[in-house]
Protein chains: 2
Amino acid sequence: MTTRTPLTRARLATVGAELADEVGFEHVTASEVARRCGVRVASLYSHVRDADDLRALVCLLALDELADRASAAVAGRAGAEALAALAGAYRDYARAHPGRYAAMRHRLDPATAAASAGPRHADLTRAALRGYGLDADGETHAVRLFGGLVHGFVTLELAGAFDHSDPSPEVSWEWSLTALDATLTGWSTR
Amino acid sequence: MTTRTPLTRARLATVGAELADEVGFEHVTASEVARRCGVRVASLYSHVRDADDLRALVCLLALDELADRASAAVAGRAGAEALAALAGAYRDYARAHPGRYAAMRHRLDPATAAASAGPRHADLTRAALRGYGLDADGETHAVRLFGGLVHGFVTLELAGAFDHSDPSPEVSWEWSLTALDATLTGWSTR
DNA sequence: GTTGATACCTAATACTGTTAGGTAAGGACG
DNA sequence: CGTCCTTACCTAACAGTATTAGGTATCAAC
């Protein structure tokens with residue numbers, strides 16, 4: 001036999017992420033991950049503390065992956081364009097990888113969270129907002145408004161909440177981002 | 001012994017909802033619900049199809065309960081005031097009953113969803129938006145914008161995403177709702 | 001007073017999560 | 001060259017959860 005890929009935390013994260021996208025994050029199970037790695041369940045415990053730690057791995061991978069994409073999306077853009085690109089990166093990622101997107105809402109312990117790509121997300125949003133000339137507090141409000149709007153819209157859309165009404169969510173998405181830009185432009189002049 | 005409360009779907013929903021608020025919706029287990037009802041697990045299966053059906057029960061209860069509160073909140077109000085009251089009802093409910101709030105994102109099969117209080121939520125939002133004089137499509141966009149913003153903000157806040165930055169989320173919340181009102185007012189004049 | 005429905009039970013099975021301890025292979029070192 | 005340690009996996013056992021099958025007690029109705 002060819003030497004099979006050795007088990008690592010990184011590999012577990014990848015396999016877990018693929019599984020999450022296929023069956024949903026809430027159904028990511030240690031047993032199934034082990035099965036896909038061609039290994040017995042017990043062997044996982046040399047690499048992860050417990051099942052929760054395994055899920056945290058997927059969470060971290062998703063945070064990282066999405067931070068990279070978001071970073072690429074805002075690079076070289078400013079103002080409304082940067083905002084739309086950033087929001088689009090989130091939405092596209094959620095649709096391409098629903099399981100990983102859900103994984104990001106997994107509660108991490110504070111230490112892990114601090115060391116994760118989580119802060120990068122906040123930084124990226126702040127960077128995208130730079131052009132609006134907000135003061136420190138205003139920027140924080142804007143980060144929260146942006147985060148809430150994007151996350152909420154994407155979550156509801158993914159959950160199928162928009163499936164039974166008429167105009168395409170695409171249009172609502174554009175309108176929402178336009179409105180957000182207008183709002184922030186207004187804030188900057190106060 | 002006093003006649004113990006007989007098991008009904010309603011009782012299972014209540015017990016499940018309490019459990020959800022205590023330990024989180026994702027940890028609502030048939031075993032624990034049975035334990036709290038003073039009954040063996042197998043006995044649940046006379047009332048629910050499977051564990052997923054049990055969780056759906058909690059979801060339906062939450063949808064209903066929150067629809068009632070939302071309804072009371074918007075009664076007798078209009079415009080910005082109605083909008084803020086409706087949004088506040090969601091936020092307050094999420095903070096008082098995080099487990100039930102999480103339960104509402106449980107995927108229901110289409111038939112159950114249609115018969116649930118879900119549509120009432122959409123109707124309530126539409127009612128709260130009436131004062132803005134939007135056309136049909138505009139109203140749909142507004143419902144989605146409102147839903148996304150409120151749900152996203154509340155979810156992130158509950159997840160602790162706002163815990164490590166300075167101004168109180170309260171202020172961001174006010175700002176966001178004010179911005180939403182201004183946006184919709186602007187939409188109506190187009 | 002048998003019948004039937006209702007509401008609960010025990011028992012058995014399968015799967016997930018977790019811990020404890022065993023083994024095989026490969027490099028380091030005498 | 002043989003032994004020793006480490007690494008990376010294994011088997012075995014056990015607890016908890018989900019599910020199904022089939023049994024029993026109670027009670028109302030005919």
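Each chain gets a letter, A, B and so on, in the order the sequences are listed, and its residues count up from 1.
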Classify the nucleic acid contact of H47(A) as base, sugar-phosphate or nothing, counting any heavy atom under 4.0 Å across all strands shown.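 The residue H47(A) makes sugar-phosphate contact but no base contact.
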
Taking any heavy-atom pair under 4.0 Å as a contact, classify R11(A): base, sugar-phosphate, or nothing.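 R11(A): no heavy atom of the nucleic acid under 4.0 Å.
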
Minimum-distance nucleotide to [X] side chain [options: [options]]:
X: A42(A); options: dT17(D), dT10(C), dA12(D); result: dA12(D)
X: A51(B); options: dC9(D), dA18(D), dG17(C); result: dA18(D)
X: S43(B); options: dT20(D), dC8(C), dA18(D); result: dC8(C)
X: V39(B); options: dC9(C), dT11(D), dA18(D); result: dC9(C)
X: Y45(A); options: dG17(C), dT10(C), dT16(C); result: dG17(C)
X: D50(A); options: dC9(D), dT18(C), dT16(C); result: dT18(C)
X: S31(B); options: dC9(D), dG17(C), dT17(D); result: dT17(D)

Please check this pair: side chain of [X] against backbone of [Y], looking for a donor-acceptor N/O pair closer than 3.5 Å.
X: H151(A); Y: L156(B); answer: no
X: S43(A); Y: V39(A); answer: no
X: H27(B); Y: V23(B); answer: yes

Answer yes or no: is there a side-chain heavy-atom contact under 4.5 Å between H141(A) and P167(B)?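 They are in contact (side-chain heavy atoms under 4.5 Å apart), so the answer is yes.
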
Does R100(A) make a cation-pi contact with F25(A), if we ask for NZ or CZ under 6.0 Å from the ring centre and within 45° of the axis?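 No, R100(A) does not sit over the ring of F25(A).
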
Rounded to whole Å, how long is the line connecting atom [atom1] of [X] with atom [atom2] of [N]?
X: L44(B); N: dA7(C); atom1: CG; atom2: C1'; value: 12 Å
X: R35(A); N: dC15(C); atom1: CZ; atom2: P; value: 8 Å
X: R49(B); N: dT19(D); atom1: CZ; atom2: P; value: 10 Å
X: H27(B); N: dG16(D); atom1: NE2; atom2: P; value: 16 Å

Hey, does the side chain of T29(A) come within less than 4.0 Å of dG17(C)'s phosphate (OP1/OP2), counting only N and O?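 Checking dG17(C) against T29(A), a side-chain N or O does come within under 4.0 Å of OP1 or OP2.
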
Counting only side-chain nitrogens and oxygens, does R40(A) get under 4.0 Å of the OP1 or OP2 atom of dT11(D)?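 Checking dT11(D) against R40(A), a side-chain N or O does come within under 4.0 Å of OP1 or OP2.
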
Residue whose nearest DNA chain C nucleotide is more 5′ - R55(A) or V41(B):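 The residue closer to the strand's 5' end, by nearest nucleotide, is V41(B).
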
